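Input: a single structure, listed below in structure tokens.
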2 protein chains.
Amino acid sequence: MLTRSATHAVRAMVALAGLEPGEYAQTARVADAAGVPRNYLSKILFQLARRGLVESQRGLGGGFRLARDASQISLYDVVDSVEDVARWNECAFGEKQCSDTQPCALHHRWGRVRDAYFGLLRNTFVGELIGNGSSVEIRDVGALNVQRRSL
Amino acid sequence: MLTRSATHAVRAMVALAGLEPGEYAQTARVADAAGVPRNYLSKILFQLARRGLVESQRGLGGGFRLARDASQISLYDVVDSVEDVARWNECAFGEKQCSDTQPCALHHRWGRVRDAYFGLLRNTFVGELIGNGSSVEIRDVGALNVQRRSL
DNA sequence: ATATATCAGGATATTTATATCCTATTATAG
DNA sequence: CTATAATAGGATATAAATATCCTGATATAT
């Protein structure tokens, strides 16, 4: 299952995908759009930035935006930024020396579940999740809307 | 993913499946066989008993044993005794009103992952997990081995 | 330069999962 | 009846996930 942090991260990414090209959105705006607690989201956005999925800009008119096109960012990238996806590779039965060559009684069955999950993560992209009646809509409330020189 | 409690529970059930018919094993013995902390396991065994998967007997010669044949106890029963399996039904995208008729953008893809997981739980039975090179082997250390009247 | 907006990130709080400890209760043996 | 074995289950401790709060650093506008 996705952790709550992972869901937050995906929703934030989808919100950012709804921005005008080049536009930045502040944490608070993303938080409102994605329905995620503001201060917690700031941690998550930081992790996404560290991973290189979003870019940040400080100061007036700054905020966050996607670092590349939403169609090029998989859920795997997003989720693995905030949780250790690799733990799905651990033995479901808790056996220390479980492996393909020395499988536990659950090994192959669990492999199918993991494949389904990894398939979802690897073959789904942020760009596919926008719109669609989703509640993740980022709207510019028009509060500031500064034009930046460097754009 | 299975929680650690769930893994503990499955391992304990497999250990109990290795008992002689009618025999009880004390918590400590199950804990050693399954490699689970004793006191924590006692909580888990209690939950399994509440669910009706194991029977307990207090007093000298008592302990726990399976309440029915290991081939009739699914992993779903076991896992759902110690964690809320139903949370896999919640929307992976965190949408409040996500449903089959009003699906979020992840709804159907997530459904496939859930189906794989539920399939594993529903179609795997404790009886299938015994032996097999698993480290969960319950051995009667012969410490006591009391014969009970009521058997 | 100064005021303001915004992220960066440390410190802390809350909640949940995991684990330990201890006493009460129940059963058996002698 | 007494001693002993074992679960029942409350109280507490630890660890990890989630969330909040606050200050410092950095960018912009005037």
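Order of the sequence lines fixes the chain letters, A, B, ..., with proteins taken first and strands second; residue numbering starts at 1 for each chain. Not measured: the values here are computed from a predicted model.
As a whole-Å value, the separation of Q57(B) CD from dT25(C) C1' is 13 Å. Following rounding to the nearest Å, F64(B) (CZ) and dA5(D) (C1') show an atom-to-atom distance of 14 Å. In this entry the distance linking CD1 of I44(B) with P of dA8(D) reads 14 Å, nearest Å. F46(B) places its CZ atom 17 Å from the C1' atom of dA19(C), with the value rounded to the nearest Å. Atom CZ in R29(B) sits about 16 Å away from atom C1' in dT7(D), given to the nearest Å. Here dA6(D) presents its C1' atom at 15 Å from CZ of R65(B), a figure rounded to the nearest Å. Rounded to a whole Å, the CZ atom of R11(B) is 15 Å from the P atom of dT18(C). The nearest whole Å value for the distance from the OH atom in Y24(A) to the P atom in dC7(C) is 11 Å.
T101(B) and S99(B) form a side-chain donor-acceptor contact under 3.5 Å, judged by distance and modelled atom types alone.
Salt bridge R11(B)/E95(A): present, at least one basic N to carboxylate O contact under 4.0 Å.
Under a hydrophobic clustering in which Ile, Leu, Val, Met, Phe, Trp and Tyr are joined whenever their side-chain heavy atoms come within less than 4.5 Å, directly or via other members, I130(B) and L16(B) fall into the same cluster.
Axis angle across the helix from dA1(C)-dT30(D) to dG30(C)-dC1(D), with five pairs used at each end and values rounded to 10°: 0°.
Using cut-offs of 30° and 60° on the angle between ring planes, the pair Y76(A) and F118(A) is perpendicular. Classified by interplanar angle (parallel below 30°, tilted 30° to 60°, perpendicular above 60°), the ring pair H8(A)/Y40(A) is perpendicular.
Residues L53(A) and R68(A) meet the side-chain proximity criterion, which asks for heavy atoms closer than 4.5 Å.
Dashed line: the shortest gap from a side-chain N or O of S56(A) to OP1 or OP2 of dC7(C) is not under 4.0 Å.
Taking all atoms of both residues into account, the shortest heavy-atom contact from A116(A) to V113(B) is O-CG2, 3.5 Å. Summarising the geometry of W110(B) relative to L120(A), their closest heavy-atom pair is CE3-CD2, 3.7 Å, with the distance given to 0.1 Å.
Distance CZ/R38(B) to CG/L45(B): 13.0 Å, rounded to 0.5 Å.
The side chain of Q26(B) lies closest to dT7(D) when the candidates are dA29(C), dT6(C), dT7(D).
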Contact letters for nucleotides 13-26 of chain D, in which S counts primed atoms plus P, OP1 and OP2 and B counts the base, heavy atoms under 4.0 Å: -----BBBB--BBS
